[in-house]
There are 2 protein chains.
Amino acid sequence: MEVSTADPAHAMRLPAALADGVFPAGCPSRTLLDHITSKWGVLILLALSEGGQRWSELRRRAEGVSEKMLAQTLKTLERDGLVSRKAQPVIPPRVDYSLTERGYELSALLVPLVAWAFENADDIINGQRTD
Amino acid sequence: MEVSTADPAHAMRLPAALADGVFPAGCPSRTLLDHITSKWGVLILLALSEGGQRWSELRRRAEGVSEKMLAQTLKTLERDGLVSRKAQPVIPPRVDYSLTERGYELSALLVPLVAWAFENADDIINGQRTD
DNA sequence: AGCGGTACTAACTTCCATGCCAGTACCTTA
DNA sequence: TAAGGTACTGGCATGGAAGTTAGTACCGCT
């Protein structure tokens with residue numbers, strides 16, 4: 001049976017390919033989505049959207065990230081072709097991380113989302129009773 | 001593969017307020033982001049972006065979600081003012097969920113992101129890139 | 001000589017999100 | 001009578017994400 005809810009004016013329709021609204025469990029889309037919406041994934045992508053940065057700078061910007069999670073997340077993102085790693089064989093080591101073309105494509109979509117969250121967060125989260 | 005390290009043309013700059021690229025640990029923005037980028041949060045928001053739906057329909061669309069997680073996620077989203085719940089006191093029970101104004105604002109940003117993930121997932125996750 | 005910075009890796013542990021199952025209450029259909 | 005659909009809630013279990021600690025290799029500073 002149909003739910004007769006009027007489509008609001010600002011409803012955004014999904015591409016036909018995901019007309020169901022959601023894709024099947026275990027498909028590549030879910031995996032990718034998990035990578036980019038992971039706790040540190042978003043933050044790192046976001047930080048890198050401002051330009052290439054070194055390991056230690058990323059550590060500072062993604063406040064609270066452990067070295068382990070930074071390494072792990074960067075590795076995943078690199079494997080996905082979203083981040084590129086450039087190590088210079090100098091001493092002390094110097095490694096620069098930056099977004100790839102694809103990474104910038106993503107960040108162009110991610111940034112507005114995060115900006116929205118930033119703008120609405122106080123209003124939404126602080127207005128709640130915490131018990 | 002060309003990776004532009006110095007401010008590519010399509011680099012999207014963050015709003016000045018989050019010039020650091022990332023916000024501090026434990027701030028409301030991170031909490032909100034966690035809610036909406038949670039495993040089931042995205043899927044449910046996405047499903048609802050197509051219009052109001054009943055509990056059982058959401059269960060089917062967000063393939064793989066357990067009743068517990070569906071309830072929990074919906075509750076969080078409702079608390080955040082992104083989803084509205086309308087229960088009709090009939091028997092058998094009938095409850096409709098839909099996005100609020102704010103929820104639609106969010107989904108307008110979320111949908112392109114998910115669509116992008118959907119389009120790129122095969123390519124990225126299954127390994128092969130051709131550029 | 002010893003400390004700190006740079007960029008990591010690995011092993012071990014903790015903890016929470018998630019999963020699985022059982023129960024509730026009422027009605028309908030077989 | 002019993003099974004099944006609707007919309008949940010609560011308890012226990014667990015797996016994987018995340019945290020913690022330590023170690024590596026080299027250099028520059030004091």
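Letters A, B, ... are given to chains in the order of the sequence lines, protein chains preceding strands, and every chain is numbered from 1.
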Scanning both residues in full, the closest heavy-atom pair of B/Ile124 with A/Asp80 reads CG2-O, 3.4 Å
Atom-pair distance ([atom1] on [X]; [atom2] on [N]), nearest Å:
X: B/Met69; N: C/dC16; atom1: CE; atom2: C1'; result: 11 Å
X: A/Leu58; N: C/dT6; atom1: CG; atom2: P; result: 13 Å
X: B/Glu57; N: D/dA7; atom1: CD; atom2: C1'; result: 15 Å
X: B/Tyr97; N: D/dA7; atom1: OH; atom2: C1'; result: 8 Å
X: B/Leu70; N: D/dG10; atom1: CG; atom2: C1'; result: 16 Å
X: A/Leu74; N: C/dT9; atom1: CG; atom2: C1'; result: 14 Å
X: B/Leu43; N: C/dT18; atom1: CG; atom2: P; result: 11 Å
X: A/Glu67; N: C/dC12; atom1: CD; atom2: P; result: 19 Å

* To do: Pick base, sugar-phosphate or nothing for B/Lys68, based on heavy-atom distances below 4.0 Å to the nucleic acid.
  => base
Checking C/dC8, D/dG19, C/dT9 against the side chain of A/Ser66 (C-beta onward), the nearest is D/dG19
With the side chain defined as heavy atoms from C-beta on, B/Ser56 is closest, among C/dT9, D/dA7, D/dA18, to D/dA7
Ignoring hydrogens and angles, tell me if any N or O in the side chain of [X] forms a donor-acceptor pair with the backbone of [Y] under 3.5 Å.
X: B/Ser107; Y: B/Leu110; answer: no
X: A/Gln53; Y: A/Ser98; answer: no
X: A/Arg85; Y: A/Val95; answer: no

Is the phosphate of [N] approached by [X] (side-chain N or O, under 4.0 Å from OP1 or OP2)?
X: B/Trp40; N: C/dG19; result: yes
X: B/Arg54; N: D/dA7; result: yes
X: B/Lys39; N: C/dG19; result: yes
X: A/Ser38; N: D/dA17; result: no

message = Please verify the inter-ring angle class for A/Tyr97 with A/Trp55; under 30° counts as parallel, over 60° as perpendicular, anything in between as tilted.
response = tilted
The residue, B/Pro93 or A/Arg94, whose nearest nucleotide of DNA chain C is more 5′ is A/Arg94
Of B/Val65 and A/Trp55, the one whose closest nucleotide on DNA chain C sits nearer the 5' end is A/Trp55
Result for 5'-nearest mapping on DNA chain D, choosing between B/Lys75 and B/Pro92, is B/Pro92
Comparing nearest nucleotides in DNA chain D, the 5'-proximal residue of the pair A/Thr73, B/Gln72 is B/Gln72
